[in-house]
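Worksheet: one structure, shown below.
To find a chain, count down the sequence lines: A is the first, B the second, and so on, and within it residues start at 1.
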Amino acid sequence: MIKITFPDGKVREYPKGTTSMEVAKSISEGLARNVLAAKVNGVVWDSSRGIHDDVTLELLTWDATEGKSTFWHSSAHLMAEALEALYPGIQFGIGPPIENGFYYDVDLGEGTLSSDDFKKIEDKMLELAKAGNQYIRKEVSKKDAISYFGEKGDKYKLDLLKDLEDGTITFYTQGNFTDLCRGPHIPDTGSIKAVKLMNIAGAYWRGDEKSKQLTRIYGITFPKQKELTDYLTLLEEAKKRDHRKLGKELELFTFSEKVGMGLPLWLPKGAQLRERLESFLKKAQLKAGYLPVVTPHIGHKDLYVTSGHYEKYGADSFQPIRTPAEGEEFFLKPMNCPHHCEIYKSKPHSYKELPIRYAEFGTVYRYEQSGELHGLTRVRGFTQDDAHLFCRPDQVKEEFMKVIDLVLYVFRALDFPEFTAQISLRDPENKSKYIGSDENWEKAERAIIEAAAEKGLKTVVETGEAAFYGPKLDFMVKDALGRKWQLGTIQVDYNLPERFELEYTGADNQKHRPVMIHRAPFGSLERFIAVLIEHCAGNFPLWLSPEQVIILAISDKFNDYAKNVSELLKNSDIRAFVDERDEKIGRKIRDAEVRKVPYMLVVGEKEVESNSVSVRRHGQGDLGSMSLDQFQKHLNDEVMLALNQK
RNA sequence: GCCGAUGUAGCUCAGUUGGCCAGAGCUACUGAUUUGUAAUCAGUGGGUCGGGGGUUCGAAUCCCUCCAUCGGCUCCA
């Protein structure tokens, strides 16, 4: 007998070799029907595998993340089976589950595939699913595996096999399809009830641009039809929040082919939003001891030769601008730090001055590949809320903590969504890739980890993801459609102080090299605003809203009173406007609601007589009548509540 | 840059077995209406159907090419 411990701590005894499915059945038939896989001692297994030792066991159903991913992984196999049936001779790359669904990379040879073919494939998948074929696991020797795929002519699988060790190789078969696969899988195809292929894309084999490009087919499946319908509805809703759509509707920004792709044009309302964000952060930075600096949009080639960016990125940058007479080369600045280094060098520094924090909203230009551009999140010209901190090695941790505080303050004031702090460390196997001493790296990495832990951040550590010049901490958030973007970033840099030969005089009267920290709480204003728009669905917090209050007169007889109210509000720095159109009040309200103006003030005879306003809040409706003073206090309270939380 | 899809008025979209002067709603403009919490009525304007080339008696519709956009891949100082 073996002892099985369940997540609730209960322990039960079973005969040796019992499968998780049998365990599930012993608990209830209903549970057994829903079991997709099992977590045995923390590792996900097929529910049909026998258990031979004392273990902890968690039965995975659709509600568990790993249950879903097992389900989708098995669905990828099902799609492969359908594809092989429909397109004989097709070759397969890899087919993993992803956050929402799965994909499979295939090589169609001479053939092509488009979304017009989806219906056919979906139908085939459903047909095969109905058969309820079991997923059968089989351990195979490397030799047998190679001969199987060799015979089949599946060169990608053979390529994968090269890196696998004999004795660890398993096949999974369902119906007529056998795949090289580590597993695990769900019991059988019968639980796959709803299938939707989402899109098709090119993907390089093994992610290498030089390898052959395969066709990647994305799909998603569910155990119930209704869940698919709900998912599609959710996607539709998410599309409504897309910043590209809202940016156009709310007149925040636009693009022009004539100006150039990836170069956003900020419309008046968007520009005001930016200005509010800028002044908000500038104020916070001033309080935190930052010193403003301003640098030009171009820089001499020598600057980037010194910084090393010319060597690394020169060929992939916008090409240099030349002076007509001397032929000197200038680059559009791709980053602000080299300029800031030169500012640091403009005079000698004492250890007593450090840290020095130079801040600038610097607009930079980078050549991004044309297929990469994406709304405001990926552009060719953008403004970083950049700052460079020059400090002593022993100050790194404290500075990190302070920057984290600043980032958290920003996120909190904006009621910002869930984010993950990603700590990127160097690859310990490959230390020669990185610049800077071992000692400094260790100190900095430890400082980042400790600082993040002390601030209670939800962190993910990525080993080997550090830049060559230093470790970093990035704040990652998701957009409406679930795509991940990096916003805020804090990076330690040992490279630039070295290259620019930055120094300070220590207490020992010797020259020392400062550590540089790059940091940007927003990351870039463009990307930050994009994510902000999607997060709040265009309903900006009152303090950011480009139009805070709109005054709607019942008829144009009351426009004078409306204008009077608007003037009074403007005198208190409230962004107030009057809708003077000759329209009915219902129409004016509708238009203001659509424009997502936070407050609407309805004024007519009643209000003129009692010297008041009727307040309507966007999305909430009528709040009743107030005096103008009361209303202003109401606005002020709302703004203070958002900005003053600490 | 690569794979696939898309491109019709300022916006959202109809319109292809190739066929008279290419349509609707909203917006804009003009007029009427003087209105109480999500769309008042009428009229007018607006498109070399993404650009270029080709096939054809005839192209928004078929073909080629370029550009841009969308979904991915690769990249992202």
Side-chain angles (χ1 to χ4, degrees), chain A residues 98 103 105 108 112-117 198-218 239 242 244-245 248-249 251 254-258 260-262 304 307-314 316-317 333-338 364 366-375 377-380 382 384 467-470 472 481 483 485-486 489 491 493 495-496 518 524 527 552-559 581-595 600-607 614-625:
Chain A
I98 50 177
Y103 66 79
D105 286 345
L108 291 146
T112 55
L113 204 62
S114 82
S115 47
D116 298 339
D117 304 307
M198 302 305 292
N199 49 45
I200 204 159
Y204 300 104
W205 172 238
R206 302 210 143 179
D208 182 355
E209 212 172 336
K210 288 177 210 82
S211 294
K212 178 164 170 138
Q213 190 159 39
L214 306 178
T215 304
R216 178 169 295 179
I217 307 165
Y218 287 87
K239 272 187 197 152
D242 191 315
R244 292 166 296 187
K245 183 175 154 64
K248 193 185 267 182
E249 285 171 4
E251 298 177 358
T254 189
F255 289 90
S256 145
E257 284 187 33
K258 249 192 188 124
M261 60 205 276
Y304 303 109
S307 73
H309 294 110
Y310 179 77
E311 193 191 342
K312 201 157 164 39
Y313 296 102
D316 302 322
S317 294
K333 83 172 162 187
M335 50 190 346
N336 306 300
C337 29
V364 298
R366 297 178 184 176
Y367 172 78
E368 303 287 359
Q369 296 190 95
S370 60
E372 242 337 295
L373 302 171
H374 182 100
T377 49
R378 198 70 194 274
V379 287
R380 284 180 168 173
F382 57 95
Q384 295 177 314
F468 73 93
Y469 52 77
K472 58 179 180 170
L481 294 167
R483 285 177 291 232
W485 297 100
Q486 176 211 312
T489 182
Q491 313 187 356
D493 189 338
N495 180 44
L496 289 181
H518 309 247
S524 87
R527 183 176 289 178
L552 316 173
I554 295 291
S555 84
D556 60 11
K557 282 190 284 196
F558 310 107
N559 272 351
R581 291 176 307 164
D582 181 10
E583 291 287 352
K584 290 166 88 164
I585 190 68
R587 177 52 180 270
K588 291 183 185 176
I589 286 172
R590 184 190 144 74
D591 288 347
E593 289 280 355
V594 169
R595 272 160 65 191
M600 287 150 273
L601 300 183
V602 177
V603 296
E605 198 170 356
K606 248 177 8 197
E607 287 74 18
S614 268
V615 182
R616 183 188 165 99
R617 172 82 224 214
H618 167 73
Q620 288 176 20
D622 200 347
L623 299 186
S625 131

For atom P, what is the distance between B:A22 and B:U6, given to the nearest Å? 25 Å
Could you pick out which residue, A:Gln369 or A:Ser114, lies toward the 5' side of RNA chain B when each is mapped onto its nearest nucleotide? A:Ser114
If we take the P atom in both B:G10 and B:U48, what is their distance in whole Å? 8 Å
Using the P atom as the point on both nucleotides, what is the distance between B:G46 and B:G54, in whole Å? 30 Å
Remember a base hit wins even if backbone is also touched, and classify A:Ala201 as base, sugar-phosphate or nothing at under 4.0 Å, heavy atoms. base
Exactly one of A:Arg244, A:Lys245, A:Lys239 should register a side chain to side chain donor-acceptor pair (under 3.5 Å) with A:Asp242. Which one does? A:Arg244
Please classify the nucleic acid contact of A:His518 as base, sugar-phosphate, or nothing, using heavy-atom distances under 4.0 Å. nothing
Given the P atoms of B:U35 and B:U30, what is the spacing between them in whole Å? 23 Å
Per A:Ser555 side chain, nearest of listed nucleotides B:U35, B:G36, B:G1: B:U35
Using Watson-Crick or G-U wobble geometry with both distances below 3.5 Å, tell me the partner of B:A60, or none. none
Given B:G10, is OP1 or OP2 found less than 4.0 Å from the side-chain N or O atoms of A:Lys248? no
Is the phosphate of B:U69 approached by A:His374 (side-chain N or O, under 4.0 Å from OP1 or OP2)? no
Base, sugar-phosphate alone, or nothing: which one does A:Gln486 contact when heavy atoms must sit under 4.0 Å apart? nothing
Let's test this: given Watson-Crick or G-U wobble pairing with both distances under 3.5 Å, identify the partner of B:U48. none
Could you state the NZ-C1' distance from A:Lys245 to B:G71, rounded to the nearest angstrom? 17 Å
Scoring nucleotides 37-44 of chain B by protein non-hydrogen atoms under 4.0 Å (B base, S sugar-phosphate only, - none) yields BBBB----
Among B:A68, B:G1, B:A77, which nucleotide has an atom closest to any side-chain atom of A:Glu209? B:G1
Say we look at B:U69 and B:A77: how far apart would their P atoms be, to the nearest angstrom? 22 Å
Base, sugar-phosphate alone, or nothing: which one does A:Asn199 contact when heavy atoms must sit under 4.0 Å apart? sugar-phosphate
Spacing of the C1' atoms in B:G23 and B:U65 (rounded, Å): 30 Å
Considering just the side-chain nitrogens and oxygens of A:Arg244, establish if one lies under 4.0 Å of OP1 or OP2 belonging to B:C70. yes
Expressed in whole Å, how much space separates the C1' atoms belonging to B:U44 and B:C3? 48 Å
Interatomic distance at P, B:U61 relative to B:U56, whole Å: 16 Å
Mind checking who B:G18 pairs with, Watson-Crick or G-U wobble, both distances under 3.5 Å? none
Salt bridge check, A:Glu593 against A:Arg616: does any charged N sit closer than 4.0 Å to a carboxylate O? yes
Classify the nucleic acid contact of A:Ser370 as base, sugar-phosphate or nothing, counting any heavy atom under 4.0 Å across all strands shown. base
Tell me the partner of B:A5, counting only Watson-Crick (N1-N3 plus N6-O4 or O6-N4) or G-U wobble (N1-O2 and O6-N3) with both under 3.5 Å; none if nothing fits. B:U69
Using a heavy-atom cut-off of 4.0 Å across all strands, would you classify A:Arg595 as base, sugar-phosphate, or nothing? nothing
Heavy atoms under 4.0 Å, any strand shown: does A:Tyr218 hit a base, just sugar-phosphate, or nothing? sugar-phosphate
Have a look at A:Tyr469 and say if it touches a base, only the backbone sugar-phosphate, or nothing, with a 4.0 Å heavy-atom cut-off. sugar-phosphate
Name the residue closer to the 5' end of RNA chain B, choosing between A:Met261 and A:Arg206 according to the nucleotide with the nearest heavy atom. A:Met261
Of the listed nucleotides (B:G71, B:G36, B:C73), which one gets closest to any side-chain atom of A:Glu605? B:G36
In terms of side-chain geometry, is the basic nitrogen of A:Asp591 or A:Arg595 positioned less than 4.0 Å from the acidic oxygen of its partner? no
N/O (side chain, A:Arg366) to phosphate O (OP1/OP2, B:C75) under 4.0 Å: no
Under 4.0 Å, counting only non-hydrogen atoms across every strand here, what does A:Gly207 touch: a base, just sugar-phosphate, or nothing? sugar-phosphate
Taking atom types as modelled, find out whether A:Ser625 and A:Glu607 have a side-chain donor-acceptor pair closer than 3.5 angstrom. no
Once you apply the 3.5 Å cut-off to both distances, tell me the Watson-Crick or G-U wobble partner of B:U40, or none. B:A32
